Chemist: 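A single structure is presented below for examination.
All values reported here derive from a predicted model rather than from experimental measurement. So that the names make sense, note that chain A is the first sequence line, chain B the second, and so on, each numbered from 1. The basis for the numbers below is simple: all heavy atoms, side chains too, and nothing from hydrogens, waters or symmetry mates.
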2 protein chains.
Amino acid sequence: MSSEVTLKHIAEALGVSAMTVSRALNDRPNVDEQTKKKIVEKARSMGYRPNHVAKSLVSNKTYTIGVVIPEITHAFFPEVVRGIEEVTYGSDYQLFLTNANEQFSREMEAIRALQSQRVDGILISSSQTVEDFSFYEELLNSRTKVVFFDRCVENLGASCVSVNDRSSSTRITEHLITTHNIKKISYLSGPQEVSVGRKRYRGFMEALEKHNIPVNDDWVIEAGFREKSGYNAMNKLLALPPEDRPEAVVTVNDPCAIGAIQAIGEAGFSIPDDFAVVGFTDDVRAELLKVPLTTVHQPAYEVGKRAAQKLIKTIEHEEEPAENIEVLTTLKIRESCGCGEE
Amino acid sequence: MSSEVTLKHIAEALGVSAMTVSRALNDRPNVDEQTKKKIVEKARSMGYRPNHVAKSLVSNKTYTIGVVIPEITHAFFPEVVRGIEEVTYGSDYQLFLTNANEQFSREMEAIRALQSQRVDGILISSSQTVEDFSFYEELLNSRTKVVFFDRCVENLGASCVSVNDRSSSTRITEHLITTHNIKKISYLSGPQEVSVGRKRYRGFMEALEKHNIPVNDDWVIEAGFREKSGYNAMNKLLALPPEDRPEAVVTVNDPCAIGAIQAIGEAGFSIPDDFAVVGFTDDVRAELLKVPLTTVHQPAYEVGKRAAQKLIKTIEHEEEPAENIEVLTTLKIRESCGCGEE
DNA sequence: ATTACATATGTTATCGATAACATTATAATA
DNA sequence: TATTATAATGTTATCGATAACATATGTAAT
């Protein structure tokens with residue numbers, strides 16, 4: 001039963017026209033109260049469920065939003081998604097979630113599929129290796145509204161919600177320099193094709209410059225956003241002759257830091273005595289590590305919320321201007337930087 | 001440009017009919033090779049993107065799957081989603097993700113919305129408090145195919161992919177009894193309205209019965225799936241007079257265990273000496289805790305994969321029989337049960 | 001009583017793609 | 001050459017909901 005009830009079925013059952021049924025169910029004016037009541041009742045009893053597909057076809061609006069995230073198991077992103085949902089729940093929008101698994105090709109496919117689904121807008125955190133800018137340019141020329149979050153593609157004129165990556169990176173690096181008087185600092189960077197990769201790297205460099213610390217190229221290693229890459233990068237540092245090794249390691253994010261920490265442990269060194277390590281994210285695991293990780297806390301939930309709000313505004317108001325929104329981080333000083341536990 | 005290219009536009013540009021364009025782009029027979037080439041080329045150059053909304057309306061198929069999960073920040077679920085995606089990526093299906101935030105009302109709303117979107121099928125892990133079975137019965141009578149995973153609603157005739165909850169729960173409880181010779185065991189249970197809540201509870205009871213350990217009602221506390229509830233439940237146990245307290249705590253899942261562990265720590269007790277604690281999930285945090293958590297490892301990724309496969313089969317073959325699929329867990333013996341570190 | 005106008009309802013066309021049927025062109029066969 | 005397949009293309013109707021227009025009532029104003 002109730003398998004495919006349409007407006008027409010209800011109309012026939014009551015001897016009225018489909019249009020009247022449509023009007024009644026959508027609270028349009030010019031429908032007799034009596035008729036309306038009858039229709040609403042009948043619709044319920046027949047188990048009518050409006051067909052959004054048909055609705056979308058005529059209105060050219062789907063009330064759906066696509067979300068493209070690079071890595072669903074990186075705890076930061078589920079938290080962002082919760083923030084997004086906080087906004088969409090209660091609005092009329094539904095979420096299409098896609099996971100690019102850090103591959104640009106999958107990201108493109110996902111976006112294309114979302115466009116075919118005629119989503120009204122897309123929230124994108126870009127994957128590791130962005131190669132083809134023309135792809136984004138085309139996307140932004142289409143009817144689909146776009147807001148980037150966290151990993152933004154810049155200079156396209158789209159809105160972007162991120163955290164103050166650069167200055168946060170500077171700040172946590174300076175903590176090592178000024179509080180712990182460490183000068184030999186290594187950086188495990190993210191890919192430079194990605195905005196956060198670039199920004200955090202710049203922030204790190206800025207801290208060195210500010211304190212007149214020369215850069216040692218051997219200590220800047222392009223790693224990646226995942227544990228594995230942090231692990232590998234750290235092993236490269238450990239392969240250096242002892243006297244050429246840094247005293248501290250600044251990493252692009254917590255998973256990378258956790259990988260590095262594992263490598264350090266396996267090599268028989270200890271944290272923070274042999275190497276101070278700091279991260280960026282404030283992953284759920286950060287405070288649970290044997291030596292709790294000093295890191296930058298990113299308000300993921302807030303980022304998601306802001307991004308979703310901005311996107312909905314952009315969808316609903318043609319003139320909504322593009323903007324960059326920066327949500328501020330906080331420093332989480334724990335023990336991996338050398339601060340005592342108290 | 002390229003804002004809204006339709007078949008008709010291409011057809012007009014080339015002086016052919018829309019039908020021919022449709023045939024050409026869908027690789028249907030009876031289209032001249034020459035014509036086809038021209039059409040394909042033109043479609044690309046005009047930036048044509050097929051309108052899935054229109055396609056769905058005529059085919060009555062959307063190639064979309066809805067996913068309803070109860071809590072996106074519980075690490076188990078993102079991992080399940082990854083498994084689901086592994087299957088849908090490479091298939092033609094797109095995922096609608098919704099998060100019920102452990103509220104049945106939100107779950108219902110999500111399902112209704114998904115039905116309006118005319119998804120071909122829905123993967124559901126049910127929220128904490130299932131009240132209205134008629135709702136599910138109606139759902140199963142509709143055209144929408146359903147597969148439950150992890151938290152199944154039973155006896156509805158729908159397929160279900162879960163882990164061997166009951167026997168795993170028995171096994172980890174027995175570990176405490178036989179290996180550590182503990183008899184005073186408490187259970188922080190999940191809500192009994194949810195299948196995993198029931199099953200794990202039964203598994204626990206079965207272990208006690210098997211070893212002739214009488215049940216102490218004060219020690220069985222209905223907690224919940226979240227940290228907060230584990231924390232509160234543990235505090236109830238700690239409020240008992242010292243001689244009435246258990247020696248071990250079996251919990252319904254890792255977040256609950258982690259909450260309990262926090263309460264134990266705050267009360268100044270130590271694990272496993274004062275209280276042994278075991279969990280269920282194998283959360284990322286489990287092995288990182290100060291005293292690594294003994295728990296049941298759930299193959300989340302596998303659960304997601306199987307559920308998605310089964311759903312797609314159910315969508316594509318009318319006669320596909322419903323079945324219960326159990327993916328097997330493994331015991332992760334760490335230190336919180338009292339096992340020494342080695 | 002007649003025009004004017006609001007209210008309630010029905011009819012037709014439309015969104016974009018395609019199934020089902022119709023037509024034309026081309027090649028193969030008798 | 002006439003006849004008949006077969007390939008290539010066009011036309012119309014359809015999916016479900018609704019916008020735009022049309023019609024039928026009733027009520028108020030003149």
Side-chain angles (χ1 to χ4, degrees), chain A residues 2-40 42-43 46-64 92 115-120 142-144, chain B residues 2-40 42-43 46-64 92 115-120 142-144:
Chain A
S2 88
S3 150
E4 254 345 327
V5 184
T6 71
L7 284 188
K8 217 169 151 194
H9 295 146
I10 301 174
E12 277 162 12
L14 292 173
V16 296
S17 77
M19 199 61 227
T20 304
V21 178
S22 168
R23 280 191 271 248
L25 295 179
N26 290 295
D27 264 321
R28 298 295 184 77
N30 297 340
V31 181
D32 186 84
E33 271 309 318
Q34 207 65 35
T35 320
K36 183 164 160 180
K37 226 167 117 187
K38 248 181 15 195
I39 292 175
V40 170
K42 197 79 186 173
M46 292 179 76
Y48 173 72
R49 208 118 309 161
N51 186 329
H52 260 74
V53 175
K55 233 174 192 156
S56 300
L57 186 58
V58 35
S59 68
N60 203 20
K61 196 156 188 243
T62 56
Y63 285 99
T64 57
D92 299 323
Q115 283 195 289
S116 273
Q117 299 282 357
R118 292 294 190 272
V119 293
D120 297 327
S142 76
R143 66 188 270 288
T144 317
Chain B
S2 88
S3 147
E4 257 342 329
V5 184
T6 72
L7 286 188
K8 216 168 152 196
H9 295 146
I10 301 174
E12 275 163 14
L14 292 172
V16 297
S17 77
M19 198 61 228
T20 303
V21 178
S22 168
R23 280 191 271 250
L25 295 178
N26 290 296
D27 264 322
R28 298 297 183 76
N30 298 341
V31 181
D32 186 85
E33 270 309 317
Q34 208 65 35
T35 320
K36 183 164 161 180
K37 226 167 116 187
K38 246 179 19 194
I39 291 175
V40 170
K42 197 77 186 176
M46 291 178 77
Y48 174 71
R49 207 123 305 162
N51 186 329
H52 259 74
V53 174
K55 235 175 188 155
S56 300
L57 186 58
V58 36
S59 68
N60 203 20
K61 194 153 194 255
T62 55
Y63 285 99
T64 57
D92 299 322
Q115 284 195 287
S116 273
Q117 298 283 354
R118 291 295 191 272
V119 293
D120 297 326
S142 76
R143 65 188 270 288
T144 317

Chemist: How many Å lie between NZ on Lys8(B) and C1' on dC15(C), as a whole number?
Modeler: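 Taking NZ of Lys8(B) and C1' of dC15(C), I get 10 Å after rounding.
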Chemist: Between the opening five pairs and the closing five pairs of the helix from dA1(C)-dT30(D) to dA30(C)-dT1(D), how far apart are the helix axes, to 10°?
Modeler: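 If I round to tens, the end axes sit 60° apart.
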Chemist: Please classify the nucleic acid contact of Ser56(B) as base, sugar-phosphate, or nothing, using heavy-atom distances under 4.0 Å.
Modeler: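 Since no nucleic acid heavy atom lies under 4.0 Å of Ser56(B), the category is nothing.
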Chemist: Is the shortest side-chain heavy-atom distance between Asp120(A) and Thr144(A) below 4.5 Å?
Modeler: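 Of all side-chain heavy-atom pairs linking Thr144(A) with Asp120(A), none is under 4.5 Å.
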Chemist: Using a distance-only criterion (donor-acceptor N/O pair, under 3.5 Å, no hydrogens), is the base of dG10(C) paired with the side chain of Arg23(A)?
Modeler: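 In this structure, the two groups form a donor-acceptor pair.
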Chemist: Just compare dG16(C), dT18(C), dA17(D) and give me whichever is closest to any side-chain atom of Ala18(B).
Modeler: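 So the nucleotide nearest the side chain must be dT18(C).
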Chemist: Let's see if you can work this out: which of dA17(D), dG16(C), dT18(C) has an atom nearest to the side-chain heavy atoms of Lys55(A)?
Modeler: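 Per side-chain heavy atoms of Lys55(A), the pick is dA17(D).
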Chemist: Under a 4.5 Å cut-off applied to non-hydrogen side-chain atoms, are Val16(A) and Lys42(A) in contact?
Modeler: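 Not touching, per the 4.5 Å side-chain cut-off.
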Chemist: Which of the following nucleotides, dA8(C), dA17(C), dA7(D), is nearest to the side chain of Asn30(A)?
Modeler: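 It is dA8(C).
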Chemist: What's the CD-P distance between Glu12(B) and dG16(C), to the nearest Å?
Modeler: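 Glu12(B) atom CD is separated from dG16(C) atom P by 12 Å.
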Chemist: Is Asn26(B) near enough to dT18(C) that one of its side-chain N or O atoms lies under 4.0 angstrom from OP1 or OP2?
Modeler: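 Yes, because at least one side-chain N or O of Asn26(B) sits under 4.0 Å from OP1 or OP2 of dT18(C).
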Chemist: Look at Thr20(B) and dG10(D) and indicate whether a side-chain polar atom (N or O) is within less than 4.0 Å of OP1 or OP2.
Modeler: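 Checking Thr20(B) against dG10(D): at least one side-chain N or O falls below 4.0 Å of OP1 or OP2.
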Chemist: Do Arg118(A) and Arg143(A) come within less than 4.5 Å of each other through their side chains, counting heavy atoms only?
Modeler: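 In short, these two side chains touch, coming nearer than 4.5 Å.
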Chemist: Return whichever of Met19(B) or Ala54(B) has its heavy-atom-nearest nucleotide of DNA chain C closer to the 5' end.
Modeler: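 First, find each residue's nearest nucleotide; the 5'-ward one identifies Ala54(B).
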Chemist: Is any side-chain N or O of Ser17(B) closer than 4.0 Å to OP1 or OP2 of dT9(D)?
Modeler: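 Indeed not, no polar side-chain atom of Ser17(B) lies that close.
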Chemist: Do Thr64(A) and His52(A) come close enough that some side-chain heavy atom pair is under 4.5 Å?
Modeler: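 Answer no - side chains too far apart.
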Chemist: Please classify the nucleic acid contact of Val16(B) as base, sugar-phosphate, or nothing, using heavy-atom distances under 4.0 Å.
Modeler: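 Sugar-phosphate contact only - Val16(B) comes under 4.0 Å of backbone atoms but never of a base.
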Chemist: If only side-chain N and O atoms of Arg28(A) are considered, is one of them under 4.0 Å from the OP1 or OP2 phosphate oxygen of dA19(D)?
Modeler: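 So the side chain of Arg28(A) is within the cut-off, an N or O lying under 4.0 Å from OP1 or OP2 of dA19(D).
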Chemist: If I take atom NZ in residue Lys37(B) and atom P in nucleotide dA8(D), what distance separates them, rounded to the nearest angstrom?
Modeler: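 The answer, rounded to whole Å, is 15 Å.
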Chemist: Could you check Ser59(B) against Glu33(B) and say which one's nearest nucleotide on DNA chain D is further toward the 5' end?
Modeler: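 Taking each residue's closest nucleotide, the earlier one in sequence belongs to Glu33(B).
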Chemist: Taking CG from Leu7(A) and C1' from dT9(C), how many angstroms apart are they, rounded to a whole number?
Modeler: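 From Leu7(A) CG to dT9(C) C1': 15 Å.
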Chemist: Rounded off to whole Å, could you give me the NE2-to-C1' distance for the His52(B) and dA17(C) pair?
Modeler: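 Nearest whole value for this atom pair: 12 Å.
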Chemist: When you compare the side chain of Lys36(B) with that of Arg23(B), does any pair of heavy atoms fall below 4.5 Å?
Modeler: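 No; the side chains remain at least 4.5 Å from each other.
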Chemist: How close or far is atom P of dC15(D) from atom CD of Glu4(A), stated in whole angstroms?
Modeler: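 Rounded to whole Å, this separation is 12 Å.
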Chemist: More than 12 non-hydrogen atoms from neighbouring residues, nucleotides or ligands closer than 6.0 Å to NZ on Lys61(B), yes or no?
Modeler: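 Atom NZ in Lys61(B) is crowded, with more than 12 foreign heavy atoms closer than 6.0 Å.
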Chemist: Checking the side chain of His9(A) only, and the main-chain atoms of Tyr48(A) only, is there a donor and an acceptor separated by less than 3.5 Å?
Modeler: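 Such a contact is absent between His9(A) side chain and Tyr48(A) backbone.
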Chemist: Any side-chain heavy-atom pair from Lys38(A) and Gln34(A) closer than 4.5 angstrom?
Modeler: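 SC-SC contact between Lys38(A) and Gln34(A) ruled out.
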Chemist: Would you indicate, yes or no, if dT18(C) has its OP1 or OP2 atom less than 4.0 angstrom from a side-chain nitrogen or oxygen of Ser22(B)?
Modeler: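 Ser22(B) to dT18(C) OP1/OP2: side-chain N or O found under 4.0 Å.
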Chemist: If you look at every strand shown and take non-hydrogen atoms under 4.0 Å, does Asn51(B) touch a base, only sugar-phosphate, or nothing?
Modeler: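 The answer is sugar-phosphate, as Asn51(B) gets under 4.0 Å only of primed atoms, P, OP1 or OP2.
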Chemist: So Val31(A), base contact, sugar-phosphate only, or nothing? Heavy-atom distance under 4.0 Å.
Modeler: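 Sugar-phosphate contact only.
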